[in-house]
Amino acid sequence: MVRDRGGDPRPDPRRDPPDRVPPARGHARLLGAPDHGPHRARGAGARRAAGPRAPGEAVGLTESTLPPRFDPKAIEARWQEAWARSDAFRAPAHPPGARFSMVLPPPNVTGVLTLGHVLGGAVMDALARWHRMRGDATLWVPGVDHAGLATYVEVRRRLAKEGVRIEELTREEAIAAVDRWRQDHERRIVEQLHAGGFSLDWSRYRYTMDAGSLRATRTAFVALYQDGLVYRGERMVNWDPVLRTAVSDLEVQSVEEEATLAYVRYPWADGTLGGMEVATVRPETMFGDVAIAVHPDDARYADAVGRYVIVPLAHRRVPVIADAAVDPTFGAGALKITPRHDPVDREIALRHPDLASPVEIFDESARLTGSGVPAEFRGLDRATARTRTLEALERDGLLVRTERYRHSVGRSERSNAVIEPRLSMQWFVRMAPLAAPAIAGVRSGEIRLHPERWTPTFFRWMEGIQDWCISRQVPWGHPIPVAHCRACGQDTVTLEPPSQCAHCGSRDLAPDPDVLDTWMTSWMWPFATLGWPEKTEDLAEYYPTSVLVTGRDIVFFWVARMMMAGYRFTGRAPFSDVYFTGMLQDDQGRKMSKSLGNSPDPIDVIAERGADALRFAMLFPNPVSEDGPFGAPTLDGARNFLTKVWNLVRFTLPHVPPGAPPPAPPEISTSSALENRWILARYRRAAEEIDHALAGFEPTRAVTVLHGFVWHDLADRYVEVAKEALGGRRGDPVLRETRATLLFVVERSLRRLHPFAPHVTEELWHALPHDGDLLATARWTPTDEAPADPEAEVAMESVLETIRLLRNLRAEEQVPSSATPPAWVRPAGPEIADVLAREQATVARLARVTSLTLLGATDPAPAGAAGRVAPLGECYLERPTAAPAASEALLRERAKLTALLEKERARLADAGFRARAPSSVVAEVEEKARDLAERVRRIDDHLRAAGSPPAG
RNA sequence: GGGCGCGUAGUCUAGUGGUUAUGACGUCACCCUGACACGGUGAAGGUCGCCAGUUCGAAUCUGGCCGCGCCCA
């Protein structure tokens, strides 16, 4: 760290910003901690006050004033301000060394953040804080997205409630109305992001419609236009008749729906009896029919091809044609051809150029207004027209029959309106040439997807990619940078809005009235936020970005397109790794979604539980990359764990001597206390796994390891064992070593926990002696600070296992908790005997036995004692005199071991196993069988001694 | 209809050829033991969806079936 300050236990950044805290190397006693509610009468404080001597007084403990539970509200805002004031998250301009950069997927100003956003945020912040602590120049760019159509629809709906139709406003009024909404939501989103404690660089905040984004979008459009990758053309598009705009293929959801399939007779034009029977779910489109098509090989209609029929109600003559695209098994095997209103029909019509040119029958709201529509139906909407045409057909005797029919219907993602395929003039991006480098990038591993299993889906979509319709007929969005010349009819496409036509020089120009699909801007987010198209320093320093974290639901909308834009406009992949998060589900297993209204506002959860608990709960225990439930139990778990950490520090504080220096790796040798060697070894193992998991995009694994290590190894086992040494009862050198070890491991655990629970760890870190201003900018310490020590791990396992066995016996024999009976152990080997001899006192204390006697191999079992047989040997515990001999557990154990033994013996009896399995495996099984047999024998001895003969 | 993925204790989950199948939540019993009852200790709970196959050996590999989910038509 640059400055060695700190020591002031609870800096209040509102009064004392961290960089102005006077250097004070004091003891870490907490001063002025707010009283968090009445302390319960029971507990340590009360006991100490009442007792003759507070434990630890003899060794100079200091009373901690941290309350037993932490109150997130009391600390979170304070640290958020401290981080902000110290510019901790502002990425340096010209950093040496490694870079780590990310963009926050810009939340849509359509709404506010959901818990899903917090999930992504928790993952990103973990990565950002981890890299920052590792010393990488770290940049995480915040911003919001104008979310074109989505926001427009939302505002449109809101205005409609107030009785205002947005279509009736002027363009300027409509834009102003949407922009007011945007500002309101933008403010709330920023507030939410602050409340989450995310380490975003707010100095680089961006908006997808700010000046830079406008310039980037315009530049990209012009470049693509000049390359011929953007073109205008009359194509069949997905038309949303409610919003009266085209939408892209991705914005159409296909839904299974039930419809009426009508069999309609088209009479022969020559007056012959009969006609062609055609099945359709859309009889109202018959006014646009130009033909009836049958399959060329369909024998039923061989004579029909070339004849003419009359379109019912419209009374027009159309030919019967043959086309291989017709499915002869569907309906009657004849298809009416309405080229302006069905993509398949259009394809067929294009193959038959002699057909009459198709007529438009719908207006932009899908009302029947075309010239070919009989007066009876003119002005009707699609649904009414469908009913009326069926009625009319029935009246005219042309409706043969109807049947129910399930088929999939395209609905607009935004308005839920049934999409009307419509031939219209739109702007498109040619995708295949843009997709190729992105496909290659993923294939070569230049871009990696995590979890990997999503790559096939990615390739499938990319390889079948269609051109992208980018024009929208709404006011809200980036204007299409094209001017149409009224004089010569040509387009002028330039970076700056032109004052005259580039072709004829006329000044009579009309700007294109449409706007761009919102993704035409967001696909450039990773570099547009860094200043592109200008050659900025940020772009040079921080592009390409490192990781993109997002939900799988926008892989095609956004992730794939960012790759395309990245390669096209910067020549590079926009990021090297993509991490997909899962979707959260509510308590009932339903997806959390805005429409269901089952995602709480993160602000409310944070107010109630704290940002740390919320974020931690996002990562644990359910895997981040899988869909999974999220609710109160998960939050409770996170809160409980953080309270555990809090109390671990509360326990540690009194053992920090006044004036203690910041924690350093303790001097450890093979003569050190076993528990100290062990916890250091365990810490090292955990730290290595955490680092490995983070590097491998497995945040849940990192958090799981932390949770297990801190709670079980450190708090449950180490602290309990170390209490003896910490009480000074094992002598001064051991006390010093143990204090140093405790402080070191606790402090280093806070460091590794910080990316996942930044506020509470920051608070606790400041309560301990520390070097530097903030944990957020402290070092990610190397794992080899703590020595690997497999020997200590094995030895400690024996100690812990002995304790567990004796506790188990206590419970089974219903030994009263106040009793401390004598116990015996017959170790299975000399190493275990050694360890237990040295750690006798620890075992006795934690198993609450009055003495622990080690038995030799030939010593008889203590009479009347309850016993267990385990791999490490046999444990005996004096049975309460009143208790009946309980041998159920022993019998259960025997049954289990016998079953295992059978299995191993069967394997050994198998000649094939002996012949083909590796000899090491055979030896292992032999050893295991010997051991099992020995244990069964001992159990039998024991049962005989206890007077209950072994079963079987 | 096509593609992809997933089925492990009541729930969620770890585990890519040899482990007495991991952990969390929940459940049961005992316990307010010098930080934590948002806690401690111990226990119970699984034919690893089903059926075949490969292999000396399968939760793990292959095939089929059943169920669920997602994406695309």
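Computed from a predicted model, the values in this text were never measured in an experiment. Numbers restart at 1 for each chain; the letters A, B, ... are given by sequence-line order, proteins then strands.
For A:Pro871, the side-chain atoms get nearest to B:rU20 when compared with the rest of B:rA35, B:rG18, B:rU20. Side-chain proximity of A:Lys896 to the nucleotides B:rC71, B:rC38, B:rU20 is greatest for B:rU20. Listed candidates were B:rA35, B:rA73, B:rC31. Nearest to the side chain of A:Ser817 is B:rC31. Among the nucleotides B:rG18, B:rU20, B:rA14, the one closest to the side chain of A:Leu900 is B:rU20. For A:Phe651, whose side chain is taken as the heavy atoms from C-beta onward, the closest listed nucleotide among B:rA35, B:rG18, B:rG42 is B:rA35. The side chain of A:Arg69 lies closest to B:rC38 when the candidates are B:rC38, B:rC56, B:rU13. Residue A:Lys644 has its side chain nearest to B:rG39 when only B:rG42, B:rG18, B:rG39 are considered. Side-chain atoms of A:Arg916 lie closest to B:rC56 of the nucleotides B:rC56, B:rA35, B:rG42. Looking at the side chain of A:Arg907, the nearest of the listed nucleotides B:rG18, B:rA35, B:rU33 is B:rG18.
Judged by distance alone with a 3.5 Å cut-off, no donor-acceptor contact links the side chain of A:Arg650 to the base of B:rC36. Applying the 3.5 Å distance criterion, the base of B:rC38 shares a donor-acceptor pair with the side chain of A:Thr643. Side chain A:Glu698 to base B:rA14: no donor-acceptor pair is found below 3.5 Å. You'll find a donor-acceptor pair under 3.5 Å spanning the side chain of A:Arg935 and the base of B:rU20, going by distance alone.
Electrostatic pairing of A:Asp636 and A:Arg609 counts as a salt bridge here, judged by a charged N lying under 4.0 Å from a carboxylate O. A salt bridge links A:Arg453 to A:Glu626: one of the charged nitrogens lies within less than 4.0 Å of a carboxylate oxygen. A salt bridge is defined here as a Lys NZ or Arg NE, NH1 or NH2 lying under 4.0 Å from an Asp or Glu carboxylate O, and A:Arg804 with A:Glu801 meets this definition. Ion pairing between a basic and an acidic side chain is recognised when a charged N comes within 4.0 Å of a carboxylate O; A:Lys723 and A:Glu675 show no such pairing. Salt-bridge check for A:Glu463 with A:Arg443: passed, with a basic side-chain N closer than 4.0 Å to an acidic carboxylate O.
Contact annotation: A:Arg804 reaches the phosphate of B:rA43 (side-chain N/O to OP1 or OP2, under 4.0 Å). Dashed line: the shortest gap from a side-chain N or O of A:Trp711 to OP1 or OP2 of B:rA24 is not under 4.0 Å. In this model, the phosphate group of B:rU20 is approached by a side-chain N or O of A:Lys928 to a distance below 4.0 Å at OP1 or OP2. Proximity of A:Lys723 to the phosphate of B:rA35: no side-chain N or O atom is located under 4.0 Å from OP1 or OP2. Under 4.0 angstrom from either OP1 or OP2 of B:rA43 there lies at least one side-chain N or O belonging to A:Asn808. Under 4.0 angstrom from either OP1 or OP2 of B:rC36 there lies no side-chain N or O belonging to A:Asn640. Note on A:His712: a side-chain N or O is less than 4.0 Å away from OP1 or OP2 of B:rA24.
If you check B:rC70 for Watson-Crick or wobble pairing at under 3.5 angstrom, you find it paired to B:rG3. Across all strands shown, B:rU27 forms a Watson-Crick or G-U wobble pair with B:rA43, both key distances being under 3.5 Å. The base-pairing partner of B:rU19, taking Watson-Crick or G-U wobble contacts with both distances under 3.5 Å, does not exist among the strands shown. Across all strands shown, the partner of B:rG53 is B:rC61, judged by Watson-Crick or G-U wobble contacts whose two distances both fall under 3.5 Å.
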Atom pairs, protein N/O to nucleotides 2-8 of chain B N/O, distance under 3.5 Å:
from  : atom 1 : to       : atom 2 : distance (Å)
B:rG2 : N2     : A:Arg460 : NH2    : 3.3

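Using a 4.0 Å heavy-atom criterion, one finds that A:Ala917 contacts the bases of the nucleic acid, with or without backbone contacts as well. Residue A:Ala899 is out of contact with every strand shown, counting any heavy-atom pair closer than 4.0 Å. Counting any heavy atom pair closer than 4.0 Å across all strands shown, A:Val555 reaches no nucleic acid atom. A:Pro816 comes within contact range of no nucleotide atom at all, as no heavy-atom separation falls under 4.0 Å.
Note: CG (A:Leu908) to C1' (B:rG18) measures 12 Å, nearest angstrom. When the P atom of B:rC30 is taken as reference, atom CD of A:Gln814 falls 9 Å away, rounded to whole Å. Rounded to an integer number of Å, the gap from CG of A:Asp716 to P of B:rG23 is 13 Å. Rounded to an integer number of Å, the gap from A:Lys903 NZ to B:rG57 P is 14 Å. In this structure, A:Tyr718 places its OH atom 18 Å from P of B:rG40, rounding to the nearest Å. Between A:Glu689 atom CD and B:rU22 atom P there is a gap of 16 Å when expressed in whole angstrom units. Rounded to a whole Å, the NE2 atom of A:His707 is 15 Å from the C1' atom of B:rA14. Taking atom CD of residue A:Gln466 and atom C1' of nucleotide B:rA73, one finds them 12 Å apart after rounding to whole Å.
Taking atom P in both B:rG15 and B:rU22, one finds a spacing of 14 Å when rounded to whole Å. If you take atom P in B:rG46 and the same atom in B:rA37, they sit 33 Å apart, rounded to whole Å. The same atom, C1', is picked in B:rA58 and in B:rC51; the two are 15 Å apart, to the nearest Å. A gap of 47 Å separates the C1' atoms of B:rU41 and B:rG53, to the nearest Å. The gap from the C1' atom of B:rG42 to that of B:rC56 amounts to 40 Å, rounded to the nearest Å. With both ends at atom P, the span from B:rC38 to B:rC32 equals 16 Å, rounded to whole Å. Comparing B:rU13 with B:rA73, their C1' atoms sit 34 Å apart, to the nearest whole Å. Nucleotides B:rG17 and B:rU62 have their P atoms positioned 12 Å apart, rounded to a whole Å.
By the 6.0 Å and 45° rule, A:Arg907 stacks over the aromatic ring of A:Phe913.
The 5' end of RNA chain B is approached more closely, in terms of each residue's nearest nucleotide, by A:Arg701 than by the other of A:Ile803 and A:Arg701. Both A:Leu932 and A:Asn647 lie close to RNA chain B; mapped to their nearest nucleotides by heavy-atom distance, the more 5′-ward contact belongs to A:Leu932.
Using cut-offs of 30° and 60° for the angle between ring planes, the A:Tyr579 and A:Phe697 rings count as parallel. Note on ring orientation: taking the six-membered ring where Trp is involved, the planes of A:Phe641 and A:His707 are tilted (angle from 30° to 60°).
Remark: A:Phe458 pairs with no residue by the ring pair (Phe, Tyr, Trp, His ring centres under 6.0 Å) rule, at least two apart or across chains.
Within a 6.0 Å radius of CZ in A:Arg916, no more than 12 heavy atoms belonging to other residues, nucleotides or ligands are found. Taking a 6.0 Å sphere around CD of A:Gln466, one finds it holds 12 or fewer heavy atoms contributed by other residues, nucleotides or ligands.
In this structure, A:Arg810 contributes its side chain and A:Arg848 its backbone to a donor-acceptor pair below 3.5 Å.
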